[in-house]
Protein chains: 2
Amino acid sequence: MTFDLLEAPQPELAAKTIQSALQQEKFIIVVGRCTVRYKGRATSSLDTGERLLAIKQDRALLIHRPYGYQPVNWQPPGCRFEISTDNDELRIRAIRRSPPETISVSFDQLKLIAAMALKDLAEFFLDASEEDMQRAIIARPEIVERGLRVIEYEKRVEPGFVDVYGIDQDGRLVIIEIKRKAAGREAIFQLAKYVKATSEGVGRSIRPILVAPSIAKGIQRLLQTMRVEFRKLDPKQCAKILAEVDKGEEERLSRWI
Amino acid sequence: MTFDLLEAPQPELAAKTIQSALQQEKFIIVVGRCTVRYKGRATSSLDTGERLLAIKQDRALLIHRPYGYQPVNWQPPGCRFEISTDNDELRIRAIRRSPPETISVSFDQLKLIAAMALKDLAEFFLDASEEDMQRAIIARPEIVERGLRVIEYEKRVEPGFVDVYGIDQDGRLVIIEIKRKAAGREAIFQLAKYVKATSEGVGRSIRPILVAPSIAKGIQRLLQTMRVEFRKLDPKQCAKILAEVDKGEEERLSRWI
DNA sequence: TGCTAAATCTCGAAC
DNA sequence: GTTCGAGGTTTAGCA
C-alpha cells in the first residue's frame, strides 16, 4: 500500500508530498501549528495554534482543533487546492467556486504528515431498515392501526412480495406496503398491483395501507384516486419499539432462568 | 514533545497506546479497516472499510470515511471510552450518558496510530453573523436611520425576541428585525407579530423595520401590504463597523493608561 | 433540564 | 442551477 509518512518535515518536502498525494487522490492528514483565515459567506480568523488538517479523497477539507465536535473551518468536497511555501511556512489554500469561498492555512511548524489511499465502499445504514420497520409492525401491529392483527408477511404475490398481510378490527383484509423514506408514486402502484392480484383469490374487500415516514409531494391526490390509505410511521419510532420489545424479551428470559 | 506514532501495530499494543493517550488527554488518530455500529437516538451500521478515527482531547469522537464533509459516526465531547482487543481486533467503544448512545468500532486492520497533545488556546473570530449585525446597529444606530436611538435589544415579546427596539427622531417607537441573508416572508410575519404584541401595551404608532442585505423575490408587495419598511444592510458592512468600534475602544483604553 | 433560533449549517431530492 | 425539507443535525442562549 502506498503510504506516505513524514515526521516534522521541512515545508518544501511537505508541499511536494501533499501535491503528489492530491494528484493521487489520497487521504491527507497534516498536524501542526497554524493560523487559519476564511472568507466567503462569512469571514473568520483563527490565530496560531496546533490543529489537525485533513484533506479527503474527494477534496473536502477539515480543520479540527483539539476539542469540539465540529471542525473550526472547513471546505466541502470538490474544492481546488493551492499548495505553496512562503517564508519557511507551508501554505494550503482551498478555493470553492460557488459560493465563492476561500480558506487559507499557514503552518509555521509541522509535526506530522500522513497520506494514504483508503478503500471504503461499504453502504451506510441509518435508522431502522425497512426490515426493522416490518419487524416493529409485526411485534406491535397497533402502531399501524388499533385492532390490527398480522396474519402473514413477505408473502409471495405475483408481482413481488407483500410486506405485511393483516386483518383489521372489522375483519377486512389489510395489505401493507412499507417504505423507509418518503413514499413515491411507485409505492402506490405496487400496492395497487398487490390488491389486484390478491382480490382475484379473495372474495372480500381489501384495504391497501401505505406505511412510511412521509409521502412525496404531489402524491396526495394519487393516494385518493387509488383508494390507498396512508399511515405515517417513522423508522426511528420503529427502532425504539424494537428496543423495547428486545428488552421485554430479555426480562422474560431472565425470569425463566 | 510527547508523540506516539505506530505503523501497522498489533491490536494489543494499539489498545495500550490508546489507553495511555486517553489518560494523558492526547489527540488520538487511528487509521485502519473497521466496522462501526451506533445505537442511541437512532441506530446505524457500517460494514468494513478503511476510515479515520479521531479522539479529541475533550473525548469527542469522530469517524470519517475517505469522502464527505460530515463524519459518518461521531460522539460529542465528554463521552466514556472502553478500549479492548478481541479475536485479534481492536475494539473502541464510546458511550454517552444522556441521551444514552453508544458507538462501537472494531478494527481488523490497523495502518496508523498517532497520539499527541496539541496546544491551541487561540480565540476563533467569526464576523458578520446576525449577532454582529445587531451589535453594529447598537453601536452605530445611524446605519439604520439618522437620529435613531436604541432603547433595548433581544427583548422578549410573546412570539419570540425583538432584535432591536428604538426611537426615531420624531419620537416614534421602532421595531427592528435583522436578517443576515435575504429576508423572506417569515421575517415580515415575525415583525407583524411583534408589532401586534407591542402595540397592545403601547398607545402610539410603531414603525416595523426589516434590516437585511436583501429581500427575497416576490416579497416587495407583502412588505407594502404589511406596512413594513426595509433597510438594506450588509453583514460585511457591519463587520467593518465593529472593527472600527473595537479600534476606537482600544484607543480610548490606551489613552487612559 | 428543556425550548428556541441560527448555522459558512450539510445533504439529498424534486423541479 | 434553485428550493424545500430533514438531520443521531450541533450550538448557543435562556426560562
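Looking at heavy atoms from C-beta onward, V105(B) lies in side-chain contact with L53(B) at the 4.5 angstrom threshold.
Using a 4.0 Å cut-off on heavy atoms, the residues of residues 92-106 of chain A that approach DNA chain C are E101(A), listed by number. Using a 4.0 Å cut-off on heavy atoms, the residues of residues 57-78 of chain A that approach DNA chain D are Y69(A), Q70(A), listed by number.
Expressed to the nearest 0.5 Å, how far SG of C238(A) lies from CZ of R140(A) amounts to 11.5 Å. Summarising the geometry, atom CG belonging to D163(B) is positioned 8.5 Å from atom CG belonging to L191(B); distances are rounded to the nearest 0.5 Å.
Nearest heavy-atom pair, R37(A) versus S45(A), reported as atom, atom and distance to 0.1 Å: NH1-CB, 3.8 Å. Across every non-hydrogen atom of E50(A) and P66(A), the tightest pair is O-CD, 3.6 Å.
dG7(D) atom C1' lies 19 Å from atom CZ of F125(A), rounded to whole Å. One interatomic measurement links the two molecules: CZ of F124(A) to C1' of dG8(D), which rounds to 9 Å at whole-angstrom precision. L46(B) has its CG atom 14 Å from the P atom of dG8(D), to the nearest Å. Summarising the geometry, the separation between CG on D234(A) and C1' on dA6(D) is reported as 10 Å, rounded to the nearest angstrom. Separating the CD atom of Q134(B) from the C1' atom of dG13(D) is a distance of 12 Å, rounded to the nearest angstrom. If you measure from atom CE of M133(B) to atom P of dT8(C), you get 14 Å, rounded to the nearest angstrom.
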With a cut-off of 3.5 Å and sequence neighbours excluded, list every side-chain donor-acceptor pair involving residues 69-77 of chain B.
{"unit_1": "N73(B)", "atom_1": "ND2", "unit_2": "S44(B)", "atom_2": "OG", "d": "3.2"}
{"unit_1": "Q75(B)", "atom_1": "NE2", "unit_2": "A94(B)", "atom_2": "O", "d": "3.0"}
{"unit_1": "Q75(B)", "atom_1": "NE2", "unit_2": "E101(B)", "atom_2": "O", "d": "3.3"}

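Using modelled atom types, one finds a donor on one side chain and an acceptor on the other under 3.5 Å when comparing Y165(B) with T198(B).
Comparing the P positions of dT11(D) and dC11(C) gives a spacing of 16 Å, expressed to the nearest Å. Comparing dT8(C) with dT4(C), their P atoms are spaced 22 Å from each other, to the whole Å. Rounded to the nearest Å, the gap between the C1' atom of dT10(D) and that of dA6(D) is 14 Å.
With respect to K179(B) and E177(B), a salt bridge is recorded, a charged nitrogen being found less than 4.0 Å from a carboxylate O.
The side chain of K179(B) has dA6(C) as its nearest neighbour among dA6(C), dG8(D), dT8(C).
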Evaluation steps, side-chain hydrogen bond (donor to acceptor under 3.5 Å, both in side chains), between R91(B) and S106(B): CA-CA 5 Å; R91(B) 297 239 166 128; S106(B) 191; 3.2 Å; yes

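At the phosphate of dT10(C), OP1 or OP2 sits under 4.0 Å from a side-chain N or O atom of R41(A).
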